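Since we're looking at a predicted model, the values are computed, not measured. Every chain is numbered from 1 and lettered A, B, ... according to where its sequence line falls, protein lines coming before strand lines.
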Amino acid sequence: MGISYDWTREILTCEPKYYKWTQWIFLLLYKRGLAYRKPAYVNWCPNCQTVLANEQVSDGRCWRCSSVVVKRKLTQWFFKITAYAERLLDDLKYLEGKWPDEVINLQRNWIGKSEGVRIVFKLPEFDKQLPVFTTRADTVFGVTFIAIAPEHEILEGLPLSEEVHQYIERSLRISEIERTSREREKTGVFTGMYAVHPFTGERIPIYVCDYVLATYGTGIVMGVPAHDQRDFEFAKKYGLPIKVVIKPVDGELSEPLDKAYEEYGVMVQSGKFTGLTSEEGISAVADELKAMGLGGREVQFHLRDWLVSRQRYWGAPIPMIHCPRCGVVPVPEEELPVRLPEVVDYAPKGKSPLESVPEFINTKCPRCGGDAKRDPDTMDTFVDSSWYQLRYTDPHNDNEIFDPNVAKRWLPIDQYIGGIEHATGHLIYFRFITKVLYDAGISPVSEPALRLFTQGMILNEDGKVMSSSKGTAVPVRPLVQRVGADVARVGVLFLGPPEKEGIWSERVVEGARRFLDRVYRIVTENLDIVTKNVPANDSILLRKINYTIKKVTEDIEHFHYNTAIAALMELVNEFYKSKKDETLGYGLYTLVKLIAPFAPYLAEELWHRIGGEGSVFHTSWPQYDPAKVYLPEIEIPVQVDGKLRARLQVPFDVTEDDIRKRALEHPKIRQHIMGKQVKRIIVVPKKLINIVTK
RNA sequence: GCCGAAGUGGCGGAACUGGUAGACGCGCCUGAUUCAAAAUCAGGUUCCCCGUGAGGGGAGUGGGGGUUCGACUCCCCCCUUCGGCACCA
């Protein structure tokens, strides 16, 4: 397709000389308390036989193979991206207007900041506390039950009946899709225990409920059936009381409720808070809780920590050693890279392939020197690509991750291009790791890319995503062999705006081919007049040439390739109508340069045919005379009462009075305003004139 | 449910901060060239009505309102399609 890369800067993230530094970054995060290991219920793809990060599960399915993801309790490595949630959100302000709004929006939603209140319910018999997070602290007097997520670790320290154990087990077995399906009835089981309400001292029954997420907030929720639809449904099913504590500002609620009243209102039956509005109540309750030492204001994010362990062979080994005496010990920096062994059997078996390679897994503890084992997992490959922009600045440096002076010159990335599908995955990781490296004084910038452009996908003729494995792709090689790279390029670019998806059609090939043929013919048939000299005299054609230079230059800057090509087509159409003079000669010379980004092979060929030296890509881009861009005579539409009635040919610099006079004298206009009274005349310079009658 | 984007000829799509809607291309129609065809070249092509014709009139950017001399563009309501999130308390 004629794509130019600087191959001298090629990097391969799977080579030890690259992943050495990926491991180095892992150790850096570990040192900074941003890499940690914890047992958790994690996303497990049964087909890929590996765990997945939150961002890599969509609709409960694996991003790679679309299998339904299940939960597994495993001890895994996480990057504490949530510690950067606030900054990742805040710094989006530096990207506004430079990144697509859509991407900024997606990130904002994904990070999902939510301001609320932490409320602690005590469990005195067991000397435990049940903290909950709520955005509606004003409804705290309406709590009639407490709901704990089935996988919550606090349950492990509580005496649970057989029934509760069975319920928990059942909840964990069903898939995420099933469990979070809206249609499914909420279920739960009473634990037989009660918590103490912080304000009323009432005994509140504790349930384990599968509609509570363990990974959000505290994993425990206060149930307020009157003011939360989910709690309402649950209370109905289990016969729990529904206690109204908020009423509309200007009215009453008719009880019994048939659904939860979720709007803001005024607090009722709420002790000393009664009479406050919801807004007032939320902050009053928060203040009071803080004073009591039972909670206070809190911020929660939807963003979860980034699970980076993978049970795959491909990826950088996690540079950690498990020692029976010293625990988890980082591999000393000077021992990096921890190399992947040559493994015969890559097939996923539910545990890391590295685990069954004794010469890899068995090692010595760097601290005590005794027998120890390496971490068998590899890192998510998204870790590799979250810092590659830094390595590209200095790709062959064997002594350090990169030369900071060199990186300073290159970064941030002026223009980053990628698909929208990376909005909440790579593009968040990428920003996160860059910030961590910035904080550590390593990256010269805290935002990796100043401008982002997200290109749309080209769909096949059925409007489907192209997939070579499914055989629904239009293979590039045969296409290029048949029509040539230039035609293929112009065809795709002319399809439509590149940020939107486009449907591939054989038809676009026809237009592109015809256009490039016309370019070739007009240039080669007029080789004798081609000149690089700007003609001394002015002409309409010269202005058209200048206009096209301006248009194409600006369009390229804004990724409007389709309209840039359209402008070139117009120019070529003009050339075919022109007489063969030095202006055309200059136009053809200019055309060869303007067409080069779109049809590089043709441009290079024509450049030599017109006697150019070296490569057209080493010449300067055409310049235009701003004084000779617009036509000396322009057409001005004349409207009567907003309806187009005539067109006037006037000089470009016509005065307002003159144009007014000419319009009123025009026979067709006189016909239309005959018998009417002219109320106003609106003249928009160089645009139009509108005569308003009574 | 929440957040976001988009609806323009037969088709892909143009239209800058409100100012000639349909650039450019595909397709189609007519003509030239040709023994014929392909290719190429020239012209036409939003829809409806009147006119043999030059031409004239009307409607029109998903639907309905509004602001304005003037709306594809701005505001309100609705419909449809697509994308993201989705029991986030």
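Remark: the separation of the P atoms in B:rG70 and B:rG18 is 16 Å, to the nearest Å. B:rU73 and B:rU68 are spaced 16 Å apart, taking the P atom of each and rounding to whole Å. Taking atom P on both nucleotides, B:rC24 is separated from B:rU46 by 12 Å, rounded to a whole Å. Taking the P atoms as reference points, B:rG64 lies 14 Å from B:rA59, given to the whole Å. With both ends at atom C1', the span from B:rG66 to B:rU80 equals 23 Å, rounded to whole Å. B:rC78 and B:rG22 are spaced 27 Å apart, taking the C1' atom of each and rounding to whole Å. Using C1' as the reference atom, B:rC47 and B:rG60 are 8 Å apart when rounded to the nearest Å. Distance check on atom C1': B:rG7 versus B:rG63 gives 11 Å, rounded to whole Å.
When side chains are defined from C-beta on, A:D228 counts as touching A:E262, because their heavy atoms get closer than 4.5 Å. Within the 4.5 Å cutoff, the side chain of A:Q107 has no heavy atoms near those of the A:L88 side chain. Between A:F273 and A:D138 there is no side-chain heavy-atom pair separated by less than 4.5 Å.
In this structure B:rG27 sits in a base pair with B:rU45, meeting the Watson-Crick or G-U test at under 3.5 Å. With a 3.5 Å ceiling on both atom-pair distances, the Watson-Crick or G-U wobble partner of B:rA32 is B:rU40. Applying the Watson-Crick and G-U wobble criteria (two distances, each under 3.5 Å), B:rA15 pairs with nothing in any strand. Nucleotide B:rG4 is matched to B:rC82 when pairs are restricted to Watson-Crick or G-U wobble geometry with both distances under 3.5 angstrom. For B:rG9, there is no paired base (Watson-Crick or G-U wobble, both distances below 3.5 Å).
A donor-acceptor pair under 3.5 Å is absent between the side-chain atoms of A:N460 and the main chain of A:V474, judged by distance alone. Looking only at distances, a side-chain donor or acceptor of A:S278 sits under 3.5 Å from a matching main-chain atom of A:G265.
Side-chain atoms of A:V221 lie closest to B:rA89 of the nucleotides B:rA89, B:rG19, B:rG12. Here the side chain of A:K577 is nearest to one of B:rC69, B:rC24, B:rG43, namely B:rG43. Side-chain proximity of A:P497 to the nucleotides B:rA14, B:rC85, B:rG19 is greatest for B:rA14. Minimum atom distance to the side chain of A:R521 is reached by B:rC41, of the listed B:rG19, B:rC87, B:rC41. For A:I682, counting side-chain heavy atoms from C-beta on, the closest listed nucleotide (B:rC87, B:rC69, B:rG57) is B:rC69. Checking B:rG56, B:rG19, B:rG25 against every side-chain atom of A:N573, the shortest atom distance belongs to B:rG25. Distances were taken from every side-chain heavy atom of A:R647 (C-beta onward) to each of B:rA89, B:rU20, B:rA42; the shortest belongs to B:rU20. Comparing B:rG84, B:rA42, B:rG27 against the side chain of A:R518 picks out B:rA42 as the nearest.
Checking the phosphate oxygens (OP1, OP2) of B:rG27, no side-chain nitrogen or oxygen of A:R507 falls inside 4.0 Å. OP1 or OP2 of B:rU40 lies within a sub-4.0 Å distance of a side-chain N or O belonging to A:R513. Dashed line: the shortest gap from a side-chain N or O of A:Y216 to OP1 or OP2 of B:rA89 is under 4.0 Å. Within the 4.0 Å cut-off from OP1 or OP2 of B:rC26, not a single side-chain nitrogen or oxygen of A:S505 is found. Residue A:K668 places at least one side-chain N or O under 4.0 Å from the OP1 or OP2 atom of B:rG56.
Annotation: salt bridge (Lys or Arg N to Asp or Glu O under 4.0 Å) contacts of A:R170 (sequence neighbours excluded): none. Annotation: salt bridge (Lys or Arg N to Asp or Glu O under 4.0 Å) contacts of A:E55 (sequence neighbours excluded): none. In terms of the salt bridge (Lys or Arg N to Asp or Glu O under 4.0 Å) criterion, A:E263 has no residue partners (sequence neighbours excluded). A:N690 pairs by the side-chain contact (heavy atoms from CB on, under 4.5 Å) definition with A:Q639, A:I682, A:V692, not counting sequence neighbours. In this structure, A:E279 has no salt bridge (Lys or Arg N to Asp or Glu O under 4.0 Å) partners at least two apart in sequence or on a different chain.
Interface residues of residues 558-570 of chain A facing RNA chain B, ordered by number: A:N562, A:T563, A:A566, A:M569, A:E570; criterion, heavy-atom separation under 4.0 Å.
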Distances under 3.5 Å only, N/O to N/O: pair up the protein atoms with those of nucleotides 2-6 of chain B.
from, atom 1, to, atom 2, distance (Å)
B:rC3, O2', A:N109, ND2, 3.4

Between N or O atoms, less than 3.5 Å apart, protein on one side and nucleotides 58-62 of chain B on the other: list the pairs.
from, atom 1, to, atom 2, distance (Å)
B:rG58, OP2, A:R645, NH1, 3.1

Tabulated below should be each protein N or O lying under 3.5 Å from an N or O of nucleotides 80-82 of chain B; please produce it.
none

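In this model, a side-chain donor or acceptor of A:E635 finds a partner on the base of B:rU20 within 3.5 Å.
Residue A:L495 is in sugar-phosphate contact alone, with no base atom involved, counting any heavy-atom pair closer than 4.0 Å across all strands shown. Across all strands, A:R514 comes closer than 4.0 Å only to sugar-phosphate atoms, never to a base (heavy-atom distances). Within the nucleic acid shown, A:K686 has no heavy atom closer than 4.0 Å to any nucleic acid atom.
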Let me check something: any side-chain donor-acceptor pairs from residues 217-224 of chain A under 3.5 Å, sequence neighbours excluded? List them with distances.
from, atom 1, to, atom 2, distance (Å)
A:T218, OG1, A:P131, O, 2.6
A:T218, OG1, A:I220, N, 3.3
A:T218, OG1, A:I220, O, 3.2

Taking distance alone, no hydrogens or angles, what donor-acceptor pairs closer than 3.5 Å link side-chain atoms of residues 508-518 of chain A to residues at least two apart or in another chain?
from, atom 1, to, atom 2, distance (Å)
A:E510, OE1, A:R513, NH1, 3.4
A:E510, OE2, A:R513, NH1, 2.9
A:E510, OE2, A:R514, NH2, 3.3
A:R513, NE, A:D517, OD2, 3.3
A:R518, NH2, A:N573, OD1, 2.9

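Distance CZ (A:F133) to P (B:rC87): 16 Å, rounded to an integer number of Å. At whole-Å resolution of the value, NE2 in A:H152 and C1' in B:rA89 are 13 Å apart. Following rounding to the nearest Å, A:I146 (CD1) and B:rA89 (C1') show an atom-to-atom distance of 12 Å. Summarising the geometry, the separation between CZ on A:R660 and C1' on B:rC69 is reported as 13 Å, rounded to the nearest angstrom. One interatomic measurement links the two molecules: CD of A:E510 to C1' of B:rC26, which rounds to 9 Å at whole-angstrom precision.
Aromatic ring centres of A:F190 and A:Y238 lie farther apart than the 6.0 Å criterion allows. Aromatic ring centres of A:F430 and A:W99 lie farther apart than the 6.0 Å criterion allows.
Pairs of residues two or more places apart, or lying in two chains, never qualify as side-chain hydrogen bond (donor to acceptor under 3.5 Å, both in side chains) while including a residue from residues 484-504 of chain A.
A:D657 has no carboxylate O lying under 4.0 Å from a charged side-chain N of A:K661, or vice versa, which leaves the two without a salt bridge.
Neither side chain, A:Y624 nor A:T590, offers a donor N or O lying under 3.5 Å from an acceptor on the other.
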